[in-house]
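First up is the structure itself, then whatever we jot down about it.
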Amino acid sequence: MSSASKGAAAIALVVAIVGGYLWGRSDGQAGRVAPLTETASAKKAELDVYYPATEPLGRNEMRVVALGTGMPSPRPKQAAACWLVELGNGEKFLFDIGAGCHERLAAQKIPYDLIDKVFFGHLHVDHMGDLPSFWLGGTVMNRLTPLRIWGPSGATPEYGTKHAMDLMEQMYVWDIGTRGGVIDFRGGQLDVTEFAFDAVNEVIYEEKGVTIRSIPAVHGLDGAVSFILEWNGLKFAYSSDTIPNKWWAEHTKGADIAIHECFLPSVLLVTRQGFAPLEALNVGTQGHTSPEQFGKVMSMTKPRLAVGYHFYNDFDTQPEVMRRVRKTYDGPLALALDYMVFNVTKDEIRVRMSAVDEEIWPSPPMKKKNPPDTSKAIPFSDFTKSGVIPYPEIVQPIYDEINEIYDTDYEPLFK
Ligand SMILES: [Zn+2]
Ligand SMILES: [Zn+2]
């Protein structure tokens, strides 16, 4: 890691300590036994900070990484909604892929080939805004498999996931046109599964011992859902966005980790974000879940660890959010920040912060790269070609260098 990254890790550690979330245990023993000074000195740093790509996942272990925990508008500290679930059988899943989360995902140092499954809770931009970047950018960053997408239907077809993805492909026709003949573009294909938004606890995914079900959510319009992933006796529940509802209350009971939105208190929406009071009440309690409502939901469902997200989690907001959650819930709790990592086994739930390498490069592809299909290249017009200044005395030596190293015989397109 660079020194800047070590600094980021140290900051993350301090934030985690100051943040006051339940550290490392889910049995109600909030906080660490060790005093703060000992924790900060980090005798065993590897236990307190998660370093991506250095720590094997146990065969029976689930790792959940918060890649977007903030409000709809991303900010440097918190991207919009995105959660990564990694399982000990090698499978990986993204739940929502909101604006700003792609760089957090990159910081996890996972080869793009291994992240090909995205589940949308609903089609708000703060839950899907980084999909184009991940989808098309991923083709250059070595994803060589189609991107698989699951998302809900809407009240009518044009409000459904399939329609949105069809239009997204049309929206990016220029981008796709630039890539087809130049790179191995297999990762540009989309494999979209739209499921009924009103299906209750029905299986939408079942592969390799992993079962994912959807339940309806109440948020925005018809066509919002929450998810339940079960594998190896572990149960992960993710609300995406919803106000408290009977489906979540019934079907997520006893989850090992339950991630549910916990929006800013309405009064802070007025004082900090400039909402009109009625607007704040509507958004903060009727469109989203207030901290008090979140606490009530968790008291009813009793997960091993309750995780609240979807608010600006700062030194001066967290105490107020915590105070309000604690009016209605006294169980194990984490208030999420980006890069928070949860290792879930039947015995323990560990909560740490992930170190961040700000100079991350793409991992090598898992599959062999094919040469580009140059027949798919769309040629420039004679007009554009007429503008090229080829600088052969500069460009030819660059070709000569590569040809010599790799024993090839390539020539510049523009001469
Ligand atoms: Zn939403
Ligand atoms: Zn949202």
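Order of appearance sets the numbers: ligands from 1, and atoms from 1 within every ligand. Side chains are part of it too, since the values below use all heavy atoms of this structure and drop only hydrogens, waters and symmetry mates. Remember, it's a predicted structure, so these values are computed and weren't measured experimentally.
- Residue contacts to the Zn ion (ligand 1): H288 brings no N, O or S atom closer than 2.8 Å.
- Backbone or side-chain N, O or S atoms of D126 reach the Zn ion (ligand 2) at under 2.8 Å.
- When distances to the Zn ion (ligand 2) are checked against a cut-off of 2.8 Å, H310 contributes an N, O or S atom below that limit.
- Between the Zn ion (ligand 1) and the N, O or S atoms of H124, the shortest distance is to ND1.
- With a cut-off of 2.8 Å, the Zn ion (ligand 2) has an N, O or S atom of D241 in range.
- Put simply, the residue from Y205, W83, F227 that forms a ring-ring contact (aromatic ring centres under 6.0 Å, His included) with F95 is F227.
- Remark: R148 engages E207 in a salt bridge, criterion side-chain N to carboxylate O under 4.0 Å.
- Among the atoms of H127, an N, O or S atom falls under 2.8 Å from the Zn ion (ligand 2).
- With respect to the salt-bridge test (charged N to carboxylate O, under 4.0 angstrom), the residues R326 and D330 do not qualify.
- A centroid separation of 6.0 Å or more is found between the aromatic rings of H260 and H310.
- Across all their heavy atoms, D96 and S240 have their closest contact at OD2-OG, 2.7 Å.
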